[in-house]
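These notes concern the structure reproduced below.
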Amino acid sequence: MYLKSLQLKNFRNYASQEALFAPGMNIVTGANAQGKTNLLDAVLLASLGKCHRAAKDKDLIMWGQDRATVFACAEKRFGDDTVEITVDRAAGKAVSVNGMPVSRLGELMGVVATVMFSPDQMRIVKDAPGERRRFMDIALCQLSKTYFYLLNRYNRIVAQRNRLIKSGHASPDALDVWDMQLCREGSKIVKTRRGFISRLEREAAEVQRFLSGGQEELRLAYEGIEGEDLAAVESNFAEKLAASREIDLKMGFTHIGPQRDDMRIEINGIDARTFGSQGQQRTAALSLKLAELRLAKAETGESPVLLLDDVLSELDPMRQRQLLSLVDVQTIVTCTHISAEIADTLKEYKMYKVVSGTICDC
């Protein structure tokens with residue numbers, strides 16, 4: 001798969017713009033605050049239906065305008081797919097896939113698959129468990145619509161259980177009903193995530209060894225409810241949930257479950273989340289993202305679009321070359337400039353320049 005074109009209307013600082021992308025390497029240059037990252041935000045919106053840099057969808061609309069539109073066209077094995085997303089200040093967000101409106105965001109997952117990496121995403125390794133859960137869930141949602149709907153169901157059950165607890169009227173019978181649903185759906189999430197981490201580890205370890213010149217061995221492990229199979233996970237979940245009920249009632253929220261789980265990341269036997277150097281954490285985060293890319297390509301038969309937002313500035317020239325040598329899918333790279341040395345190492349690429357919300361071919 002590759003992203004053929006992107007049309008923007010009143011999206012952030014783009015009044016009206018069309019960008020045509022090459023199937024391979026696309027390098028987007030420009031000074032800071034010109035709109036390079038906004039361009040990647042538009043691709044992410046077409047991919048996931050949301051942009052993490054925007055607290056609200058309305059933040060995506062150009063100042064002084066009533067609505068923003070993003071239209072993406074991707075070439076895939078069996079023909080082109082299109083996605084159109086409109087964000088309206090009054091009417092909210094509307095999504096269409098191949099010209100047909102979709103009411104459930106899950107239908108968008110995997111249509112324009114992406115893997116995004118930026119300097120901020122080093123937080124996957126060094127920040128709180130929520131960042132690592134978000135990484136797992138975004139990757140899995142793009143791999144499987146089933147997982148997307150499963151995760152939504154589970155989150156709704158947690159929210160309803162928490163409301164019941166906070167109401168002060170949580171009878172044992174009422175909690176038992178929610179606990180049964182929580183364990184049934186939550187155990188599926190745990191099993192799916194654990195399988196994903198097992199598959200991801202093989203790819204990530206190989207990338208880490210390459211990027212570190214063979215000096216670093218990466219290991220991953222899912223930290224959550226144990227169990228050899230789904231039934232065992234569900235049973236263990238139920239036991240731990242019952243044991244934590246008094247704490248839940250006292251604190252006002254659910255303490256046990258996938259919403260509290262984590263992913264352990266070790267480099268050479270040391271917990272990289274706490275004790276890894278900044279360089280090790282940066283490389284580990286990049287290895288996870290490239291492993292996600294490889295896994296998606298292998299399991300879906302389609303290559304996601306790799307989005308690299310100002311990543312090259314964070315790497316020394318050797319690691320820049322190593323990173324770019326690993327990339328064999330369509331890539332959109334943003335940077336203030338590209339060095340002659342790096343340009344010479346690339347066999348073929350297309351250059352763009354962004355100035356005040358206008359994209360020009362170079």
Side-chain angles (χ1 to χ4, degrees), residues 1 3 5-12 38-61 66-74 76 78 80-116 121 130-160 162 181-182 185-186 188-189 192-193 196 257-259 289 292-293 295-296 299-300 302-307:
M1 184 199 82
L3 182 65
S5 64
L6 191 68
Q7 297 175 31
L8 310 178
K9 181 72 173 177
N10 297 330
F11 181 85
R12 291 202 184 270
N38 290 344
L39 183 67
L40 299 189
D41 283 345
V43 180
L44 280 178
L45 183 68
S47 175
L48 302 174
K50 58 183 178 180
C51 170
H52 294 302
R53 289 201 310 147
K56 301 176 182 178
D57 286 336
K58 293 177 182 178
D59 295 340
L60 301 173
I61 304 173
D66 294 325
R67 69 181 59 84
T69 302
V70 171
F71 183 88
C73 179
K76 304 173 80 170
F78 305 113
D80 290 356
D81 277 341
T82 63
V83 170
E84 183 172 8
I85 298 183
T86 299
V87 180
D88 190 284
R89 293 192 189 277
K93 181 165 60 184
V95 180
S96 295
V97 175
N98 294 326
M100 298 295 294
V102 297
S103 57
R104 302 200 300 175
L105 202 56
E107 299 309 304
L108 183 63
M109 297 298 109
V111 177
V112 180
T114 57
V115 172
M116 169 79 169
Q121 290 181 322
E131 292 295 329
R132 291 178 285 281
R133 290 194 297 270
R134 187 174 296 110
F135 162 71
M136 289 186 281
D137 288 339
I138 289 175
L140 281 166
C141 284
Q142 293 196 91
L143 287 174
S144 167
K145 292 185 174 84
T146 300
Y147 183 83
F148 176 86
Y149 292 122
L150 170 64
L151 185 64
N152 280 352
R153 286 198 304 274
Y154 180 80
N155 288 337
R156 285 197 299 269
I157 294 167
V158 172
Q160 289 166 328
N162 287 344
Q181 297 180 56
L182 206 66
E185 304 298 334
K188 297 174 187 175
I189 290 175
T192 303
R193 284 180 180 172
F196 170 73
Q259 77 280 7
K289 283 294 185 175
E292 176 193 350
L293 183 78
L295 206 59
E299 296 188 1
T300 68
E302 295 281 5
S303 301
V305 181
L306 178 61
L307 308 175

Does Q7 use its side chain to pair, donor to acceptor, with the backbone of F71 at less than 3.5 Å?
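Answer holds: no.
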Could you tell me the separation between the [atom1] atom of [X] and the [atom2] atom of [Y], rounded to the nearest 0.5 Å?
{"X": "T82", "Y": "N98", "atom1": "OG1", "atom2": "CG", "result": "4.5 Å"}
{"X": "N10", "Y": "L60", "atom1": "CG", "atom2": "CG", "result": "12.0 Å"}
{"X": "S144", "Y": "E299", "atom1": "OG", "atom2": "CD", "result": "10.0 Å"}
{"X": "L39", "Y": "R12", "atom1": "CG", "atom2": "CZ", "result": "12.0 Å"}
{"X": "L40", "Y": "L45", "atom1": "CG", "atom2": "CG", "result": "12.5 Å"}
{"X": "L48", "Y": "C141", "atom1": "CG", "atom2": "SG", "result": "8.5 Å"}

State which residues pass side-chain hydrogen bond (donor to acceptor under 3.5 Å, both in side chains) with [X]; sequence neighbours excluded, sorted by chain then number.
{"X": "D59", "answer": "none"}
{"X": "N155", "answer": "none"}
{"X": "K93", "answer": "D57"}
{"X": "E185", "answer": "R153"}

Taking atom types as modelled, is there a side-chain donor on Y154 or Q181 under 3.5 Å from an acceptor on the other?
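No, no side-chain donor-acceptor pair sits under 3.5 Å.
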Kindly write out the residues that satisfy side-chain contact (heavy atoms from CB on, under 4.5 Å) with [X], not counting sequence neighbours, or none if the list is empty.
{"X": "R193", "value": "R133, M136, D137, L140, Y147, L151, I189, Y222, P258, D261"}
{"X": "A42", "value": "L6, L8, F11, V70"}
{"X": "E131", "value": "R123, D127, R134"}
{"X": "K9", "value": "S16, T69"}

Are any of the side-chain heavy atoms of [X] and [Y] separated by less than 4.5 Å?
{"X": "I85", "Y": "V83", "value": "yes"}
{"X": "S96", "Y": "V102", "value": "no"}
{"X": "M116", "Y": "Q121", "value": "yes"}
{"X": "R67", "Y": "V87", "value": "no"}
{"X": "V95", "Y": "E84", "value": "no"}

What residues form a salt bridge (charged side-chain N to carboxylate O under 4.0 Å, His left out) with [X], not counting sequence neighbours?
{"X": "D66", "result": "none"}
{"X": "R156", "result": "none"}
{"X": "K76", "result": "D81"}

If you look at every heavy atom in C73 and D80, which pair is closest and at what distance?
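Result for this residue pair: SG-OD2, 3.9 Å.
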Report the C-alpha distance between Q142 and F148 in whole Å, list the side-chain angles of each, state the deciding distance to 0.1 Å, and finish with yes or no for side chain to side chain contact (heavy atoms under 4.5 Å, CB included).
CA-CA 8 Å; Q142 293 196 91; F148 176 86; over 6 Å; no
Evaluate the side chain to side chain contact (heavy atoms under 4.5 Å, CB included) criterion for residues N38 and R53: first the C-alpha distance (whole Å), next the side-chain angles of each, then the deciding distance (0.1 Å), finally the verdict.
CA-CA 9 Å; N38 290 344; R53 289 201 310 147; 2.7 Å; yes
Table please: side-chain donor-acceptor pairs of residues 107-115 below 3.5 Å, with sequence neighbours left out.
| from | atom 1 | to | atom 2 | distance (Å) |
| --- | --- | --- | --- | --- |
| E107 | OE2 | Y149 | OH | 2.8 |
| T114 | OG1 | S47 | OG | 2.9 |

Under the criterion side chain to side chain contact (heavy atoms under 4.5 Å, CB included), I'd like the reasoning laid out for T300 against M1: C-alpha separation, chi angles, the key distance, then a yes or no.
CA-CA 11 Å; T300 68; M1 184 199 82; over 6 Å; no
